[in-house]
Number of protein chains: 2
Amino acid sequence: MSVAHTEVTPQAPGPCGDEDCGIRDVLDRLGDKWTVLVMVELSKGVRRFRELHRAIPGISQRMLTLTTRRLCRDGLVERTAYPTIPPQVEYRLTPVGRSLAETIERLADWSREHKDAMAAARERWDAAYPGEASEPR
Amino acid sequence: MSVAHTEVTPQAPGPCGDEDCGIRDVLDRLGDKWTVLVMVELSKGVRRFRELHRAIPGISQRMLTLTTRRLCRDGLVERTAYPTIPPQVEYRLTPVGRSLAETIERLADWSREHKDAMAAARERWDAAYPGEASEPR
DNA sequence: CCGGATCCGCACAGATACTG
DNA sequence: CAGTATCTGTGCGGATCCGG
């Protein structure tokens, strides 16, 4: 999600008072383009950097580095570097990371169940309002 | 999230073959800055445009319009406009939208359970690597 | 093999002013 | 009240080159 842009809500003062505060930082992490894909791949087992890179077509080395580092920083992924030559680095989910991966899987379940309904709704909407075909997204 | 930028994966050919394809378009919607907040607010009941606007501090009229319209387009929110004067527009979740709201609530549960652990992990990481304090996020 | 550093373009958010 | 129209800036993400 290239989500958190200008920090309108630096930390607490914003939309809080509700119970949605907690979910923001999680979605700020899941919202970007690659985090979920990395999590899903790592939920299948330990992966080396290059394995991740190949398993996720389209990601650049830079974005994979940034994504894995953020996940490490949040304690969701553990990084193990062997000082061999050539270098070898392994990534694996931490217990907390695994629990998040399971929660993500629930979301994926919902998606699979309702993606047809959503596609149908979009088709109906686009048929009803053909003017702004490409505008909303 | 300002997530889907350049369409590296126009539709299907990308990371698919896995089972993560389904979750992408859901997260592309949840990932942006406001959608989840709107969903959470609407999960409390029917809301008028201005009520939403006040309930979500920091959102601009434009972003609220775009967010609600996308949700309508996806069949998650229903919009009812009364041609009175002044105009009056009501937004409410559809059944599909409510089921997504429940799933979001699970994510929020996870967030509340683990946010302390994540904060602690970040503190440890930042203490260990003080160099790139602000860089990753 | 893994990652750091740098440059750049573009999509999206925000602000403001205006309309039915 | 509920949007629409337009302009502008920002920061994510991609590409590329370099280093250990």
Side-chain angles (χ1 to χ4, degrees), chain A residues 1-9 14 28-38 46-73 77 79-91 129 131-132 134-137, chain B residues 1-9 14 27-38 46-72 77 79-91 129 131-132 134-137:
Chain A
M1 8 223 93
S2 60
V3 172
H5 283 196
T6 49
E7 281 295 306
V8 176
T9 58
D28 283 349
R29 274 171 189 80
L30 269 44
D32 71 90
K33 199 171 181 176
W34 304 110
T35 299
V36 171
L37 297 177
V38 172
V46 178
R47 291 291 186 273
R48 297 184 52 180
F49 186 88
R50 185 140 259 260
E51 292 175 324
L52 281 175
H53 196 208
R54 273 192 301 249
I56 305 175
I59 195 173
S60 62
Q61 286 200 2
R62 178 175 175 269
M63 291 319 297
L64 183 54
T65 300
L66 290 178
T67 302
T68 52
R69 183 182 307 169
R70 280 200 286 253
L71 289 170
C72 288
R73 182 170 180 245
V77 164
R79 192 189 110 121
T80 313
Y82 300 96
T84 61
I85 176 169
Q88 180 166 345
V89 181
E90 287 180 352
Y91 296 92
Y129 310 92
E132 42 249 300
S134 61
E135 205 252 291
R137 190 172 295 240
Chain B
M1 183 148 337
S2 57
V3 173
H5 284 194
T6 48
E7 280 297 303
V8 175
T9 58
L27 280 164
D28 283 350
R29 272 167 191 83
L30 270 44
D32 71 89
K33 199 171 180 178
W34 304 111
T35 299
V36 171
L37 297 177
V38 172
V46 178
R47 291 291 186 273
R48 297 181 53 177
F49 186 88
R50 183 142 259 262
E51 292 176 323
L52 281 175
H53 195 206
R54 274 191 301 249
I56 306 175
I59 194 172
S60 62
Q61 287 199 3
R62 179 175 174 270
M63 290 319 297
L64 183 53
T65 300
L66 290 177
T67 302
T68 52
R69 182 180 307 169
R70 279 200 287 253
L71 288 170
C72 287
V77 164
R79 192 189 109 121
T80 313
Y82 301 96
T84 61
I85 177 168
Q88 180 167 344
V89 182
E90 287 179 354
Y91 296 93
Y129 310 91
E132 44 249 299
S134 60
E135 204 253 291
R137 187 171 298 235

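Keep in mind that what you see is a predicted model, and the values were worked out from it rather than measured. Letters go in sequence order (proteins before strands), and every chain restarts at 1.
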Taking OP1 and OP2 of [N], is either one under 4.0 Å from a side-chain nitrogen or oxygen of [X]?
X: A/Arg54; N: C/dC1; answer: no
X: B/Tyr129; N: C/dG4; answer: no
X: A/Arg69; N: C/dG4; answer: yes

Closest listed nucleotide, where the reference is the side chain of [X] and the choices are [options]:
X: A/Arg70; options: D/dG3, C/dC2, D/dG13; answer: D/dG13
X: B/Arg48; options: C/dT6, D/dC1, C/dC1; answer: D/dC1
X: A/Trp34; options: D/dG3, D/dG13, C/dG4; answer: D/dG13
X: B/Lys33; options: C/dC1, D/dC1, C/dA13; answer: C/dA13
X: B/Pro87; options: D/dC1, D/dG13, D/dG3; answer: D/dC1

Measure the distance from [atom1] on [X] to [atom2] on [N] and round it to the nearest whole Å.
X: B/Leu52; N: D/dC1; atom1: CG; atom2: P; answer: 14 Å
X: B/Arg29; N: C/dC12; atom1: CZ; atom2: C1'; answer: 15 Å
X: A/Gln61; N: C/dC1; atom1: CD; atom2: C1'; answer: 9 Å
X: A/Leu66; N: C/dC2; atom1: CG; atom2: C1'; answer: 13 Å
X: A/Ile85; N: D/dG20; atom1: CD1; atom2: C1'; answer: 9 Å
X: B/Glu51; N: D/dG3; atom1: CD; atom2: P; answer: 13 Å
X: B/Arg47; N: D/dC1; atom1: CZ; atom2: P; answer: 16 Å
X: A/Met63; N: D/dT16; atom1: CE; atom2: P; answer: 16 Å

- Apply the test side chain to side chain contact (heavy atoms under 4.5 Å, CB included) to residues B/Val77 and B/Arg70: give CA-CA distance (whole Å), side-chain angles for both, the deciding distance (0.1 Å), then the verdict. CA-CA 9 Å; B/Val77 164; B/Arg70 279 200 287 253; over 6 Å; no
Ignoring hydrogens and angles, are the base of C/dT16 and the side chain of B/Arg62 linked by a donor-acceptor pair under 3.5 Å? no
Self-check item: Donor-acceptor pair, side chain of B/His53 and main chain of B/Ile59, under 3.5 angstrom
Solution: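 It does hold such a pair.
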Could you tell me whether the side chain of B/Thr35 and the main chain of B/Arg29 form a donor-acceptor pair under 3.5 Å? yes
When rounded to the nearest 0.5 Å, the distance separating CH2 of A/Trp34 from CG of A/Leu66 is 12.5 Å
Return the OH to CZ distance between B/Tyr91 and B/Arg79, rounded to the nearest 0.5 Å.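 So the OH of B/Tyr91 and the CZ of B/Arg79 are separated by 4.5 Å.
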Could you check whether A/Tyr82 gets within reach of a base, just the sugar-phosphate, or nothing at all, counting any heavy atom under 4.0 Å?
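A/Tyr82: no heavy atom of the nucleic acid under 4.0 Å.
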